[in-house]
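Letters A, B, ... mirror the listed sequences (proteins, then strands); counts begin at 1. Computed from a predicted structure; not experimentally measured.
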Amino acid sequence: MRLATWNVNSIRTRVDRVTDWLARADVDVLAMQETKCSDEQFPTMPFAALGYDVVHCGFNQWNGVAIASRIGIDDVAVGFDGQPTWSDKPDVEAAAEARALGATCGGVRVWSLYIPNGRTVDSAHYVYKLQWLAALRETAASWLADDPSAPIALVGDWNIAPTDDDVWDVEFYRGSTHITEAERAAFGAIVDAGFSDVVRPFTPGPAVFTYWDYTQLRFPKNRGMRIDFILGSPTLAERVTHAEIVRAERKGKQPSDHAPVLVDLVDP
DNA sequence: ATGGTCGCCAAGCGA
């Protein structure tokens, strides 16, 4: 099973590129973020033509997350607890309910996550980001407490660079979101709960990124950030045979500002 | 082998 995640930065603008890559890369399950469309606007047909089922969850009027699968989609859930409510408010009460879409595909529970950006460290959105991550940790830890052998993948755009090696110039980002100790601790707490970065062992080294700003020739100069992750529960992690960041998909005409990230899993 | 924001939609704003 080949599982991928990709912040597509508008699926309607990018649908040809995304579906072309799905077919070419032989992807079974793709989690998308920043679809930038309503549920009604999602272009289902190009995916269906390739044999993929799609579920989409708009988390505000115009943005959302999605999962496309050619091996079936079961048990769809929105929010960490499966409650079909969502909100984009920077609000504690909403923290556990937004920007998450879960589906069981081929026996694996896949969560397509768009962690709140946080904007600036002095904003309510930053507080919300940290609360959202804490809520995710609580809920994900409870899943493993209920069933330590559950194969679960937490994938998406985390909007956190976990180490200084994961940004092109840490001094450039000093005082900004994505690199603060609090965000890194929140990410680390989810790793400590049993969800490991299953891509990193296959993509070692500094200056290995998944996102490059559109401005300032950041991509040709490889000035990016590693903020898109596939975190796996223990039984999922032990099934990983290969992983890569598909840098080639950041090239060419009308790319997303993120590259897709993929893993291959052997059957259990 | 990649190039100087982009995408939402029609002005800025969010990323």
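Among residue pairs with one or both ends in residues 21-31 of chain A, those qualifying as salt bridge (charged side-chain N to carboxylate O under 4.0 Å, His left out) are R24(A)-E249(A), D26(A)-R70(A), D28(A)-R70(A); sequence neighbours excluded. Among residues at least two apart or in separate chains, side chain to side chain donor-acceptor pair (under 3.5 Å) pairs with a member in residues 256-265 of chain A are R2(A)-D264(A), N7(A)-H258(A), D228(A)-H258(A).
Residues passing the side-chain hydrogen bond (donor to acceptor under 3.5 Å, both in side chains) test with H56(A), sequence neighbours excluded: T35(A), D39(A). Contacts of N117(A) classified as side-chain hydrogen bond (donor to acceptor under 3.5 Å, both in side chains), with partners at least two apart in sequence or in another chain: none. Every residue two or more places apart in sequence or in another chain that forms a side chain to side chain contact (heavy atoms under 4.5 Å, CB included) with Q254(A) is listed here: T13(A), R14(A). Partners of D146(A) under the side chain to side chain contact (heavy atoms under 4.5 Å, CB included) rule, at least two apart in sequence or in another chain, do not exist in this structure. Remark: N222(A) pairs with A207(A), F209(A), W212(A), R247(A) by the side chain to side chain contact (heavy atoms under 4.5 Å, CB included) rule, at least two apart or across chains. When the ring pair (Phe, Tyr, Trp, His ring centres under 6.0 Å) test is applied to Y52(A), no partner is found at least two apart in sequence or on another chain. F195(A) pairs by the ring pair (Phe, Tyr, Trp, His ring centres under 6.0 Å) definition with nothing, not counting sequence neighbours.
With P as the reference atom, dA1(B) and dT5(B) are 22 Å apart, rounded to whole Å. Here, dA15(B) and dC9(B) have their P atoms 16 Å apart, quoted to the whole Å. If you take atom C1' in dA11(B) and the same atom in dG7(B), they sit 13 Å apart, rounded to whole Å. Spacing between dC6(B) and dT2(B) at atom P, rounded to whole Å, works out to 16 Å.
Across the protein-nucleic acid pair, E249(A) atom CD and dT2(B) atom P stand 11 Å apart, rounded to whole Å. Atom CG of D257(A) and atom C1' of dG4(B) are 15 Å apart (whole Å). Put simply, CZ on R250(A) is 14 Å from C1' on dA1(B), counting in whole angstrom units. For the pair K253(A) NZ and dA1(B) C1', the interatomic distance rounds to 17 Å; values are reported in whole Å.
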- Item | Contact state string [nucleotides 6-14 of chain B, B base, S sugar-phosphate only, - no protein heavy atom under 4.0 Å] | SSSS----S
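The side chain of Q216(A) sits closest to dT5(B) out of dT5(B), dT2(B), dG4(B). Set against dT2(B), dG4(B), dT5(B), the side chain of F219(A) has dT2(B) as its closest nucleotide.
Of the two residues near DNA chain B, L217(A) and H258(A), the one whose nearest nucleotide lies more 5' is L217(A).
Taking every heavy atom of residues 177-186 of chain A and every atom of DNA chain B, no pair lies under 4.0 Å. Across residues 205-213 of chain A, not one residue has a non-hydrogen atom less than 4.0 Å from an atom of DNA chain B.
When all heavy atoms of G252(A) and R17(A) are compared, the closest pair comes out as C-NH1, 3.7 Å. Pairing each heavy atom of E183(A) with each of I160(A), the nearest pair is O-CD1, 3.5 Å.
In this model, the phosphate group of dA1(B) is approached by a side-chain N or O of K251(A) to a distance below 4.0 Å at OP1 or OP2.
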